[in-house]
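Residue numbers start from 1 in every chain, and the chains themselves are labelled A, B, ... in the order their sequence lines are given, proteins ahead of strands.
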Amino acid sequence: MLKMFFSDVKFNRCITSQLIKWFSNFREFYYIQMEKFARQAINDGVTGTEELTVSRDCELYRALNMHYNKANDFEVPERFLEVAQITLREFFNAIVAGKDVDPSWKKAIYKVICKLDSDIPEIFKSPNCLQELLHE
DNA sequence: AGGCCTCCTG
DNA sequence: CAGGAGGCCT
């Protein structure tokens, strides 16, 4: 029964597009939070990027975790914190520099951050990805 | 043309 | 989160 489903071309295509959609939505949420917290920091009088840090007990982290990992199903990798912090600082600097007057000011940040993306885990590249994931 | 992505909405 | 429109790339 399951095999029948997973070998269905339409079904697989549907799944991938949905996954893409999810990642897209996640990304959006991520960047919205980043901008929000960066602006908040500025309003709170933060002057330097050194004061901006992302740890497991900061508000920004909580907001993200609440959204992506509400039930704490997995442990958030350290790398995520690093990238999150870099992103936050990137936003902070851009806003402080007044770059946000440019309608597409976020593009530059996106370009920087996407290079920090981790590689896609091998399991997702497998054609049997769905089966393998289900067996975990 | 088809796939993937972003942006805006609901 | 899902849908839809529009842009970019192959």
Backbone N/O of [Y] and side chain of [X]: donor-acceptor pair under 3.5 Å:
X       : Y       : answer
A:Ser24 : A:Ile20 : no
A:Arg89 : A:Ala84 : no
A:Asn69 : A:Asp73 : yes
A:Gln85 : A:Val54 : yes

task: Would you please name every residue forming a salt bridge (Lys or Arg N to Asp or Glu O under 4.0 Å) with A:Glu75, sequence neighbours left out?
output: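 For A:Glu75 there are no salt bridge (Lys or Arg N to Asp or Glu O under 4.0 Å) partners, ignoring immediate neighbours.
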message: Going by salt bridge (Lys or Arg N to Asp or Glu O under 4.0 Å), name the residues that satisfy it together with A:Glu35, two or more places apart in sequence or in a different chain.
response: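 In terms of salt bridge (Lys or Arg N to Asp or Glu O under 4.0 Å), with neighbours along the sequence ignored, A:Glu35 is linked to A:Arg39, A:Lys106.
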- prompt: Earliest and latest nucleotide of DNA chain C, 5' to 3', sitting under 4.0 Å from a non-hydrogen atom of chain A?
  reply: C:dC1 to C:dG4
message: Does the protein touch nucleotides 5-10 of chain B at the base, only the backbone, or not at all? Give it as B, S and - per nucleotide, heavy atoms under 4.0 Å.
response: SBBB--
query: If you look at every strand shown and take non-hydrogen atoms under 4.0 Å, does A:Phe29 touch a base, only sugar-phosphate, or nothing?
result: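 Counting heavy atoms under 4.0 Å across all strands, no contact is made by A:Phe29.
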message: How close do A:Met34 and A:Leu60 get, counting heavy atoms only, and between which atoms?
response: SD-CD2, 3.8 Å
field: Selection: residues 60-73 of chain A, any non-hydrogen atom under 4.0 Å of DNA chain B
entry: none
field: Under-4.0 Å salt bridge between A:Glu78 and A:Arg56
entry: yes
- prompt: How would you list all residue pairs meeting ring-ring contact (aromatic ring centres under 6.0 Å, His included) that involve residues 80-104 of chain A, not counting sequence neighbours?
  reply: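 Of all non-adjacent pairs touching residues 80-104 of chain A, those that pass ring-ring contact (aromatic ring centres under 6.0 Å, His included) are A:Phe91-A:Trp105.
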message: Centre-to-centre under 6.0 Å for A:Tyr31 and A:Tyr110, is that the case here?
response: yes
